[in-house]
Amino acid sequence: MAFDPRTLGWLARALNHEMGAVQQYLAQSVLARLWGDAELAARLRAEANEELEHAERLMERQILLGVAPSGGQLPVVRLGRNAQELLAHDQQIEVQAVQLYADALMHAQRLRDRDSTALFQSLLAQEREHLEHIAHTKSG
């Protein structure tokens, strides 16, 4: 199967980002549970699971292209002293995801790679929803 090596680069960057997001949300969930905030802990764990599903989809695409997935080096987890600080860090990670998927989508569209375009469009839409949810939560 012929594929563009730059597409593999976008997939690898996206997988690394998603694995970092899983780690971030899961660590924050543990912290919230330790604070005694079961509702926040559950919400953050759900976010970790959503990001894990994104990682799984990216891994599937890499495997279909004949590449062994690797999460690379994960970024440092960003914690905080309260829920607002956690949300601020989460907003940053989601802004990064939206930019990453917007750029990856443009690349896939230029190549007329339908499968990668569909994947990046779907992930971009979900990350935009995450970002809107965080913005709504911070203001409410």
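Residues: numbered from 1 along the sequence shown.
- Of the candidates Gln91, His54, Glu50, His130 forms a side-chain hydrogen bond (donor to acceptor under 3.5 Å, both in side chains) with just one, namely Glu50.
- Atom CG of Leu11 and atom OG of Ser116 lie 5.5 Å apart (nearest 0.5 Å).
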Task: Glu47 and Gln24: CA distance, side-chain angles, deciding distance, side-chain contact (heavy atoms from CB on, under 4.5 Å) verdict - done: CA-CA 10 Å; Glu47 287 292 335; Gln24 170 103 0; over 6 Å; no
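- Taking CD from Glu56 and CZ from Arg61, the interatomic distance works out to 15.5 Å, rounded to the nearest 0.5 Å.
- Looking at every heavy atom in both residues, Gln62 comes nearest to Ser70 through OE1-N, 4.5 Å.
- Expressed to the nearest 0.5 Å, how far CD of Glu53 lies from CG of Asn49 amounts to 7.0 Å.
- A distance-only check finds a donor-acceptor pair linking the side chain of Thr137 to the backbone of His133 [under 3.5 Å].
- At distances below 3.5 Å, at least one donor-acceptor pair connects side-chain atoms of Thr117 with backbone N or O atoms of Asp113.
- Of the candidates Glu51, Gln23, Arg13, Glu51 is the only one forming a side-chain contact (heavy atoms from CB on, under 4.5 Å) with Glu18.
- A side-chain N or O of Asp103 and one of Gln99 form a donor-acceptor pair less than 3.5 Å apart.
- Under a 3.5 Å cut-off, the side chain of Ser122 and the backbone N or O of Leu119 do not form any donor-acceptor pair.
- Between Val22 and Ala48, the shortest heavy-atom contact is CG2-O, 3.6 Å.
- Note: Tyr101 OH to Leu123 CG = 4.5 Å, rounded to the nearest 0.5 Å.
- Note that CG of Leu74 is 11.5 Å distant from NE2 of His17, once rounded to the nearest 0.5 Å.
- You'll find the side chain of Leu100 reaches within 4.5 Å of the side chain of Trp10, heavy atoms only.
- Side-chain atoms of His89 never come within 3.5 Å of backbone atoms of Arg78 as a donor-acceptor pair (strictly under, hydrogens ignored).
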Open item on the list: Working note: Leu26 + Val77, criterion side-chain contact (heavy atoms from CB on, under 4.5 Å); need CA distance, chi angles, decisive distance, verdict.
Closed with: CA-CA 10 Å; Leu26 191 57; Val77 170; over 6 Å; no
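- Taking all atoms of both residues into account, the shortest heavy-atom contact from Trp35 to Leu40 is CZ3-CD2, 4.4 Å.
- Rounded to the nearest 0.5 angstrom, Glu94 CD and Ile134 CD1 are separated by 4.5 Å.
- The closest donor-acceptor contact from the side chain of Glu85 to the backbone of Arg81 lies under 3.5 Å.
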Open item on the list: Test side-chain contact (heavy atoms from CB on, under 4.5 Å) on Asp37 and Glu39; report intermediate values, then the result.
Closed with: CA-CA 6 Å; Asp37 191 337; Glu39 182 182 332; 3.9 Å; yes
